[in-house]
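The structure appears right after this line, and notes come after that.
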Amino acid sequence: RALATQPELLLLDEPATGFTKKDIEGLNRILSLIKEMGVTILLIEHHIRFIMGLADYITVLNFGENIFQGPPREVAANPKVVEAYLGEELRA
């Protein structure tokens, strides 16, 4: 329905919530196709692996505070992001 009006921007809030791994893979394919159509996607999501494979640019919030912005590789390497979302033990 959201694509019926040919939007320039698509806002999705937690679309992968409750999805299985297979469902998430399908959603990733669909959203990738939407990106290829030239639609900008603003995605609010906590599923880190899903976001890293899809996003061009990420803003990370922790308790409402912006702790980092950048491309996925930089986000994954940022110590504040790792501590807040992945756990401090994954830093090593």
Side-chain angles (χ1 to χ4, degrees):
R1 287 187 198 170
L3 296 176
T5 61
Q6 299 178 337
E8 293 179 21
L9 173 68
L10 180 62
L11 173 60
L12 299 172
D13 186 9
E14 302 280 354
T17 300
F19 278 21
T20 66
K21 183 179 178 182
K22 185 176 180 180
D23 292 335
I24 290 171
E25 290 170 359
L27 179 60
N28 195 321
R29 283 192 297 275
I30 291 168
L31 293 179
S32 294
L33 290 172
I34 292 170
K35 276 178 55 177
E36 289 175 16
M37 293 169 38
V39 177
T40 299
I41 301 172
L42 177 59
L43 185 61
I44 299 165
E45 184 60 67
H46 287 89
H47 193 285
I48 304 291
R49 286 190 173 93
F50 171 62
I51 291 297
M52 292 300 198
L54 184 64
D56 297 321
Y57 191 84
I58 299 172
T59 298
V60 182
L61 300 177
N62 188 28
F63 295 104
E65 179 186 347
N66 181 347
I67 60 172
F68 193 77
Q69 294 181 15
R73 281 190 173 161
E74 290 179 22
V75 169
N78 182 273
K80 284 185 178 180
V81 173
V82 171
E83 183 175 346
Y85 281 89
L86 303 175
E88 207 167 328
E89 69 277 357
L90 294 178
R91 267 199 230 184

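We use all heavy atoms of the structure for the numbers below, so side chains are in, but hydrogens, waters and symmetry mates are not.
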Next on the checklist: Using the side chain to side chain contact (heavy atoms under 4.5 Å, CB included) criterion, which residues pair with L12? Sequence neighbours excluded.
Outcome noted: L10, P15, L31, I41, L43

Item to check | Residue list, side chain to side chain contact (heavy atoms under 4.5 Å, CB included) with L33, at least two apart or on another chain | outcome: E36

Checklist outcome for this item: residues 50-63 vs side-chain hydrogen bond (donor to acceptor under 3.5 Å, both in side chains), sequence neighbours excluded, gives K35-D56, Y57-Q69

Checklist entry - Does F68 share a hydrophobic cluster with L61, counting links as ILVMFWY side-chain heavy atoms below 4.5 Å and allowing steps through other members? => result no

Next on the checklist: Do M52 and I34 sit in one hydrophobic cluster, given that two such residues count as connected whenever their side-chain heavy atoms are within less than 4.5 Å of each other, even indirectly?
Outcome noted: yes

Looking at [X] and [Y], what are the two nearest heavy atoms and their distance?
X   : Y   : value
F19 : L27 : CE2-CD2, 3.9 Å
P72 : A55 : CG-O, 3.1 Å
V39 : P7  : CG2-O, 3.5 Å

With a 3.5 Å cut-off and sequence neighbours excluded, list the donor-acceptor pairs that the side chains of residues 44-51 form with protein atoms.
{"from": "E45", "atom 1": "OE1", "to": "A16", "atom 2": "N", "distance (Å)": "3.1"}
{"from": "E45", "atom 1": "OE2", "to": "H47", "atom 2": "N", "distance (Å)": "3.2"}
{"from": "H46", "atom 1": "ND1", "to": "E14", "atom 2": "OE2", "distance (Å)": "2.3"}
{"from": "H47", "atom 1": "ND1", "to": "F50", "atom 2": "N", "distance (Å)": "3.1"}

Next on the checklist: The criterion is side-chain hydrogen bond (donor to acceptor under 3.5 Å, both in side chains); which residues satisfy it with T20, sequence neighbours excluded?
Outcome noted: D23

Checklist entry - Which pairs with one or both residues in residues 60-76 pass salt bridge (Lys or Arg N to Asp or Glu O under 4.0 Å), sequence neighbours excluded? => result none

